Amino acid sequence: PKIAEMVRAVDAKARHGLRETLRSGRRGSPWNESDLDARVEFIMALFEGLTIRAVRHPDLDRAAVARAFRAALRAVLED
């Protein structure tokens, strides 16, 4: 339970930081709170998933994955 609490606290801090970064960098009309939270979760899931994929598939084409990652981020941030 103590470790889970620490992991959750670090995650909450990271979510808050990313949320504020997205909010301050948003051009045009702001997202509503639900949309902002969904984007934060999606971006964090992408990053965490890439870490796991790099461990499980060390020979993956990192340049191709980076291109796809950038495209996915653009789509999430432009909406």
Side-chain angles (χ1 to χ4, degrees):
K2 288 183 181 183
I3 293 172
E5 183 180 327
M6 289 187 312
V7 168
R8 289 180 186 125
V10 169
D11 184 75
K13 186 175 181 179
R15 277 186 288 114
H16 175 76
L18 180 55
R19 192 173 203 283
E20 292 309 308
T21 298
L22 292 180
R23 180 180 282 140
S24 68
R26 178 73 173 145
R27 295 182 186 133
S29 62
W31 295 305
N32 66 43
E33 296 302 305
S34 179
D35 286 344
L36 179 59
D37 287 341
R39 283 168 170 78
V40 166
E41 291 299 328
F42 181 79
I43 292 168
M44 290 181 75
L46 282 176
F47 274 102
E48 291 173 10
L50 278 178
T51 302
I52 292 169
R53 294 307 308 148
V55 170
R56 291 183 178 171
H57 186 194
D59 298 327
L60 61 85
D61 183 345
R62 291 176 187 263
V65 171
R67 286 190 301 275
F69 193 83
R70 281 192 297 273
L73 280 179
R74 258 188 237 105
V76 167
L77 296 175
E78 288 176 352
D79 184 21

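From a predicted model like this one, the values you see are computed outputs, not experimental measurements.
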Of all pairs that satisfy salt bridge (charged side-chain N to carboxylate O under 4.0 Å, His left out), the ones with a partner from residues 44-66, not counting sequence neighbours: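 Every candidate salt bridge (charged side-chain N to carboxylate O under 4.0 Å, His left out) pair involving residues 44-66 fails, so no pair, neighbours aside, qualifies.
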NE2 of H16 to CZ of R23: how many Å apart, nearest 0.5 Å?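 CZ of R23 is found 8.5 Å from NE2 of H16.
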Any pair with a residue in residues 5-14 that passes side chain to side chain donor-acceptor pair (under 3.5 Å), sequence neighbours left out, goes on the list, sorted by first then second residue, please. D11-R15
With sequence neighbours excluded, residues passing side chain to side chain donor-acceptor pair (under 3.5 Å) with R19: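 If we apply the side chain to side chain donor-acceptor pair (under 3.5 Å) test to R19, skipping adjacent residues, the hits are E33, D37.
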By the rule that ILVMFWY residues connect when side-chain heavy atoms come within less than 4.5 angstrom, directly or transitively, which residues belong alongside I43?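 L18, L22, W31, L36, V40, F42, M44, L46, F47, L50, L60, V65, F69, L73, V76, L77, all in the cluster of I43.
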